[in-house]
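Each remark here refers to the structure printed beneath this line.
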Amino acid sequence: MARLTVEHLVVRFGGCQALDDASIVAEAGHVTGLIGPNGAGKTTLFNVISGLVTPKSGRVVVDGRDITHLSPTKRGRAGVARTFQRLELFGMLSVRENLLVAAETQQRWARAGDDVAARVEGLLERLGLADVAGELATSLPTGLCRRVEVGRALAAKPRVLLLDEPAAGQDDAETRSFATLLRQVAADDVAVVLVEHDVRLVMGSCDVVNVLDGGRVLACGTPDEVQHDDAVLSAYLGAGRPA
Amino acid sequence: MDKFLTFTVIGLSTSAIYAVISSGLVLTYTTTGVFNFAHGAQGMIAAFAYWQLRFAWGWPAPLALATVLLVLAPLFGALLERVIMRGLADASEAVRLVVSISLLVGLIGLAQVIWPPGESRPMSTFFAGRQIRVWSTAVTAHQLITFACALAVAVGLRLLLHRTRIGVSMRAIVDDRPLLLLNGARTDRVALLSWAIGASLAALGGILIAPAIALDAPSLSLLIVNAYAAAIFGRLRSIPLTFVGAIVIGLTEAYLFGYLPTGNTALAGLRLAAPAILLFVVLLVLPNRRLRTGVRSRERFPCPTRAGALLFSGSVFVAGIVMATTMSRPDLVTYGKVFSFGIIALSLVPLVGYAGQISLCQLSFAGIGAVVMAHVGGASGSPLGLVLAAVVAAAVGALVALPALRLSGIYLALATAAFAVALDRWVFNLPAVRIGPLRLRLFDLGSVDVAPLRLFGYRFDSPRAQMLLAAGAFALLALGVSAVRRGRLGRRLLAMRDSEAACATFGMDLVRTRLAVFTLSAAIAGVGGAIYATQLSSITPGNFDLVSGLPIFMLVVVGGAGMVGGALFAGIGLQGLLPALARLSSLLARWQTIAPALAGLGLGRNPSGAASDVTVALAPLRRDAPVLGAMLAAMGLLWAGRLAGAFGGWPFLAGLVVALAVAAAVAQHRAGAVGAVGAVDAVDAAGPAPAAAAATATVPAPAPVPAAPPATAAPPVPALEWMGITQPWTADAVAALDRVLGLPEEGVRGGAAHG
Ligand SMILES: Nc1ncnc2c1ncn2[C@@H]1O[C@H](COP(=O)(O)OP(=O)(O)OP(=O)(O)O)[C@@H](O)[C@H]1O
Ligand SMILES: [Mg+2]
């Protein structure tokens with residue numbers, strides 16, 4: 001059974017059909033890519049999965065449990081963590097506190113007895129945030145802010161990790177190390193779903209790639225298959241190929 | 001049947017007035033996004049102005065009416081928009097709220113200065129005595145005119161919004177302001193017009209209703225609560241629904257008046273509180289809101305270090321000792337309340353400052369604490385009273401919070417205001433209530449005596465002992481509130497303030513967190529109220545009403561709601577500075593209520609508040625041991641001199657202020673000389689400076705120091721501006737600059753690459 005299954009989602013904003021019968025599957029241990037031109041509905045899909053947008057129809061299932069009607073908090077506790085494209089950091093807290101508050105909250109509801117502080121220090125180290133751990137989160141450049149978002153999501157020990165353009169604003173070396181990190185996270189029995197415009201990152205780190213356009217899944221397959229799919233090529237050429 | 005008809009007519013005429021007032025409110029809210037708490041107060045001022053022209057100066061009614069409705073009110077509305085509201089477009093909700101509440105309080109104060117309360121100002125209805133008969137009941141000419149006005153307003157607004165160009169823009173603004181700007185619409189003109197019309201409508205309502213309820217500034221201004229309930233019926237958007245709401249509320253009030261059995265005090269109060277209760281209920285059936293995302297607050301509150309918090313609390317307590325030893329008995333009675341009000345203000349720090357919630361009923365919680373202290377503490381002043389004051393206030397706080405948890409921003413403000421009104425108009429005026437075996441006593445229909453607290457056999461009955469008690473309690477609670485900020489709960493609260501959506505993604509229980517902070521905050525307010533009550537020694541519901549509570553909220557936000565120093569600022573401002581000014585001159589005394597309002601109106605400029613400015617200004621002093629030592633020594637000498645009777649209270653105060661100012665300036669200068677090594681260091685140091693607002697506390701009596709923020713914000717700025725001039729321009733400096741400005745350096749680079 002797949003870790004995350006999203007079936008037949010329909011979302012409409014006024015006259016705009018943001019999602020039109022979209023379905024994706026994400027396996028634990030895999031990095032599942034989700035690409036598509038601007039306005040394709042990727043962020044909306046994440047919002048539906050994490051409960052911030054209610055779909056007109058469709059289901060979201062995690063580990064066989066239907067979470068479509070749960071509150072965002074309950075979904076968080078079901079193991080769905082995410083980052084935000086339009087950063088949602090806690091600006092009055094330091095970087096360390098941003099991670100700490102997530103880890104502490106997770107520890108509280110999971111009634112786990114682990115050492116939160118040590119876990120957070122480990123994460124800061126892994127994400128290369130140790131040097132800026134004491135600074136206010138909003139005082140950092142965007143590239144770093146995105147990594148803080150990833151760190152905060154990881155601090156909650158997710159089973160499903162939704163990443164919305166986590167590499168935007170990072171340089172090449174950082175992106176490469178980020179790809180390695182993604183593989184490690186996935187190997188820890190997490191289903192990672194990655195929305196990204198950086199084609200190299202997607203092709204280099206994903207096991208499966210879904211292509212979304214106009215709220216519909218156009219194609220789904222290995223990076224290689226998708227790159228040579230005609231429907232995908234025409235959609236991208238039509239919408240202007242991203243860098 | 002006759003009775004029914006009579007009360008229906010009365011109810012409908014009240015409804016008509018509410019409809020007029022609240023449609024003005026809806027108009028300004030939809031077009032400018034500012035919920036005008038002062039709307040009713042504008043109507044109140046207009047009613048007074050009309051009285052002045054018509055009855056004091058004897059102008060003919062049509063001329064007086066035209067002057068007020070067509071000239072004075074619209075001009076005043078337009079002026080408010082131009083001078084105050086326009087700057088608020090991008091301000092946070094709390095700041096907007098404080099500004100409009102300040103306006104409310106300021107207008108009430110202004111009215112009381114111009115038209116001192118206590119004189120009788122009879123105001124007759126239009127065509128007094130004339131009436132017609134409809135079936136079996138009489139309808140007065142005044143009521144007919146009221147109906148006609150409401151009808152005219154309804155038709156006029158309908159025509160304006162649907163038939164005129166500018167009206168169509170008004171409606172469009174609600175939906176999409178940026179889009180409208182792109183299309184070149186003049187939102188400025190629209191805002192100006194809607195504020196002018198809104199003010200006229202408020203004025204019309206005020207003039208129509210004034211003859212029915214006496215010409216009294218606070219009660220006329222609070223009419224808004226009734227009108228607000230109607231506006232909420234229309235979700236603050238729909239004018240037709242607002243009219244429906246007004247009818248429901250007007251009729252409910254009238255029928256309650258007609259059919260509730262008289263002679264029962266419990267029910268009499270209920271009538272007055274009914275609109276507030278209705279407002280509360282209407283708010284509760286509002287649809288669920290979406291989770292808050294992306295609150296990019298301009299406020300910055302440094303996290304207090306343990307040492308900083310200790311220093312602050314220690315200084316407050318020392319200040320309490322200095323005050324207790326140097327002040328005369330009457331002064332001790334007056335200024336002791338600095339600390340008890342400080343505690344009540346402190347209750348807002350976790351709630352407003354950390355969690356970003358809003359509550360206008362903290363003084364009501366304090367009132368509950370006071371009542372519990374009075375009855376449970378009894379004649380012996382048992383400390384159990386203090387404990388139970390906290391417990392009961394906390395329980396009531398949780399009770400209020402539970403239904404209000406779904407609300408935020410303006411709705412939360414209204415719900416808590418409605419609660420405060422329900423308490424002070426109704427619950428606090430109840431006789432003893434019997435619930436099963438329990439007999440709850442409140443204010444016993446008047447005033448209650450409160451005995452001084454007795455702790456470990458010691459009775460805090462002299463003003464001196466009470467001042468020490470209050471200062472000590474404030475210091476301890478401030479330590480606790482700072483500790484909350486550094487702990488788990490504090491992190492959760494600050495996280496929730498910035499993004500509820502992000503908090504939910506890692507499974508935070510938002511309801512529980514909000515409940516926790518409301519409960520904690522109510523408990524602190526309860527303790528503050530209990531201590532305040534022992535200082536007053538006799539309490540009445542009037543000590544704890546909504547209007548008295550509003551300045552606390554305002555001044556805490558002005559002082560910096562995220563820091564315990566902000567609470568001290570509020571206490572000093574309201575119970576120190578104002579009485580001191582009043583003593584200096586009786587002219588100033590009359591302006592007392594206006595001063596905090598002016599402070600609130602200035603808030604838009606400096607959303608982080610004064611406390612953080614003071615912290616930054618005093619940071620060098622805190623690190624400079626020799627200067628700090630010299631200052632403390634000088635202060636100690638002054639104190640010794642005062643104790644020996646060498647000079648009086650005012651020179652002593654002036655000496656302390658001068659000592660602090662000189663020390664701060666010297667430390668600043670020395671830090672500047674040492675810090676020339678690296679401007680970047682100076683910037684970093686100034687940023688996360690700990691809560692050294694402490695030093696403000698070493699000024700024992702109401703000192704103007706915390707009230708003078710503008711000059712003090714300076715230190716980090718010159719360092720930045722001189723970057724590259726006093727030192728070489730390096731990549732590090734650029735990065736530091738970016739960091740300080742919060743610029744996404746990557747974004748700029750990426751954008752260039754794409755372009
Ligand atoms: N809250 C909303 N209200 C109205 N329309 C919305 C809302 N959110 C998204 N949309 C619309 O839905 C469509 C899908 O948007 P979405 O943000 O999901 O795209 P995306 O694939 O994430 O694009 P990008 O690559 O730019 O992030 C867009 O046309 C957008 O304008
Ligand atoms: Mg997106």
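Below, chain A is the first sequence line, B the second, and so on; all start at residue 1.
For A:E174 (side chain) and A:D171 (main-chain N/O), a donor-acceptor pair under 3.5 Å exists by modelled atom type. Not a single donor-acceptor pair under 3.5 Å links the side chain of A:D188 to the backbone N or O of A:V190. Side-chain N or O atoms of A:R3 include one that pairs as donor or acceptor with a backbone N or O of A:D189 at under 3.5 Å. Within the 3.5 Å criterion, the main-chain N or O of B:A502 finds no donor-acceptor partner in the side chain of A:R82. Side-chain atoms of A:D164 do not come within 3.5 Å of backbone N or O of A:T43 as any donor-acceptor pair. In terms of modelled atom types and a separation under 3.5 Å, the side chain of A:K42 and the main chain of A:G36 share a donor-acceptor contact.
The choice from A:R152, A:R75, A:K157, A:E149 that makes the most heavy-atom pairs within less than 4.5 Å of chain B is A:R152. The candidate with the highest count of non-hydrogen atom pairs below 4.5 Å against chain A, out of B:V511, B:T505, B:D509, is B:T505.
Taken to the nearest 0.5 Å, the CD atom of A:E88 stands 11.5 Å off from the CG atom of A:N98.
Under a cutoff of 6.0 Å and an axis angle of 45°, A:R146 and A:F178 do not form a cation-pi pair.
Within residues 486-495 of chain B, the residues that have a heavy atom under 4.5 Å from a heavy atom of chain A are B:R488, B:R491, B:R492, B:L494, B:A495, listed by number.
For A:V116, the part lying near chain B is the side chain, with the backbone staying farther off; criterion is any non-hydrogen pair under 4.5 Å. Residue contact with chain B, scored on non-hydrogen atoms closer than 4.5 Å, involves the backbone of A:V80 exclusively.
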